[in-house]
Amino acid sequence: MPELRRINDRYEGRINMIGVSLDTDDGKWQSALDSLMSWRQFRVRKEDAGPVSLEYGITAIPAYFVISASGEILGRCSDVAELSRMLGKIIND
């Protein structure tokens, strides 16, 4: 989470970060929201995650996507360092 916070802070105003969680413990999820994440978060029940996983080709968690304003997937990865490099190239930072 600290690296995701740095990415969010670095590109503030140029990206919209959204998180989707499969957490089942309400208390732990809310605690993480309150202390770690300043971006929008959604929670999906594991039994409802199948269609999204299939549509986006998610085979492991975490999964990071860079999606354009028009909905085009510009990149995907499972490593936060790779996400940072990807955003740097796309945004020319």
Side-chain angles (χ1 to χ4, degrees):
M1 285 306 153
E3 184 60 27
L4 286 176
R5 284 182 66 104
R6 282 190 283 278
I7 289 170
N8 190 55
D9 292 346
R10 180 177 184 180
Y11 296 108
E12 187 174 1
R14 296 184 282 170
I15 67 168
N16 290 312
M17 188 176 292
I18 299 170
V20 178
S21 174
L22 298 177
D23 287 315
T24 56
D25 185 310
D26 289 339
K28 286 183 181 179
W29 183 68
Q30 190 61 52
S31 177
L33 287 177
D34 294 342
S35 63
L36 299 172
M37 297 172 249
S38 58
W39 53 88
R40 283 188 197 179
Q41 283 287 323
F42 300 93
R43 195 168 69 167
V44 176
R45 295 181 317 166
K46 285 184 181 183
E47 59 269 20
D48 295 333
V52 174
S53 295
L54 288 173
E55 184 174 341
Y56 284 91
I58 298 170
T59 58
I61 296 174
Y64 303 107
F65 294 84
V66 178
I67 303 173
S68 73
S70 65
E72 177 187 2
I73 297 175
L74 302 176
R76 67 176 76 206
C77 62
S78 61
D79 178 72
V80 73
E82 177 61 24
L83 174 64
S84 184
R85 287 189 293 274
M86 193 183 316
L87 283 169
K89 289 178 184 176
I90 291 169
I91 297 175
N92 295 317
D93 190 42

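Start at 1 with the first residue, then count along the sequence.
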Study note, to complete from the structure: The side chain to side chain contact (heavy atoms under 4.5 Å, CB included) partners of Ile67 (sequence neighbours excluded) come to Tyr56, Phe65, Ile73

Exercise for review: Output all residues satisfying salt bridge (Lys or Arg N to Asp or Glu O under 4.0 Å) with Arg43, sequence neighbours left out; order by chain, then residue number.
Suggested key: Asp26

Review point. Below 4.5 Å, heavy atoms only, C-beta onward: do Trp39 and Asn16 meet side chain to side chain?
Key: no

Point to revise | Glu12 atom CD, neighbour heavy-atom count above 12 within 6.0 Å | key: no

**Study point:** Exercise: identify the closest heavy-atom pair between Cys77 and Leu83
**Key:** SG-N, 3.5 Å

**Study point:** Set of side-chain hydrogen bond (donor to acceptor under 3.5 Å, both in side chains) partners for Ser78, sequence neighbours left out
**Key:** none

Review point. Side-chain contact, heavy-atom cut-off 4.5 Å: Asn8 with Ser38?
Key: yes

Check your understanding: Sub-3.5 Å donor-acceptor pair from the side chain of Ser53 to the main-chain atoms of Ala49, do we have one?
Key -> yes

Check your understanding: Are any non-hydrogen side-chain atoms of Ile15 and Ile91 less than 4.5 angstrom apart?
Key -> yes

Check your understanding: Side chains of Met17 and Tyr11: does their closest heavy-atom pair fall under 4.5 Å?
Key -> no

Point to revise | Atom pair CZ/OG of Arg6 and Ser84 - distance to nearest 0.5 Å | key: 9.5 Å

Point to revise | Residue list, side chain to side chain contact (heavy atoms under 4.5 Å, CB included) with Asp79, at least two apart or on another chain | key: Ala81, Glu82, Arg85

Exercise for review: Please list all pairs passing the salt bridge (Lys or Arg N to Asp or Glu O under 4.0 Å) test where one or both residues lie in residues 47-67, with sequence neighbours left out.
Suggested key: Arg45-Glu47, Arg45-Asp48

**Study point:** CD-OG distance between Gln41 and Ser21, expressed to the nearest 0.5 angstrom
**Key:** 6.5 Å

Point to revise | Partner set under side chain to side chain contact (heavy atoms under 4.5 Å, CB included) for Ser68, not counting sequence neighbours | key: Ser70, Glu72, Leu74

Point to revise | Linked, directly or transitively: Ile18 and Ile90 (ILVMFWY side chains, under 4.5 Å) | key: no

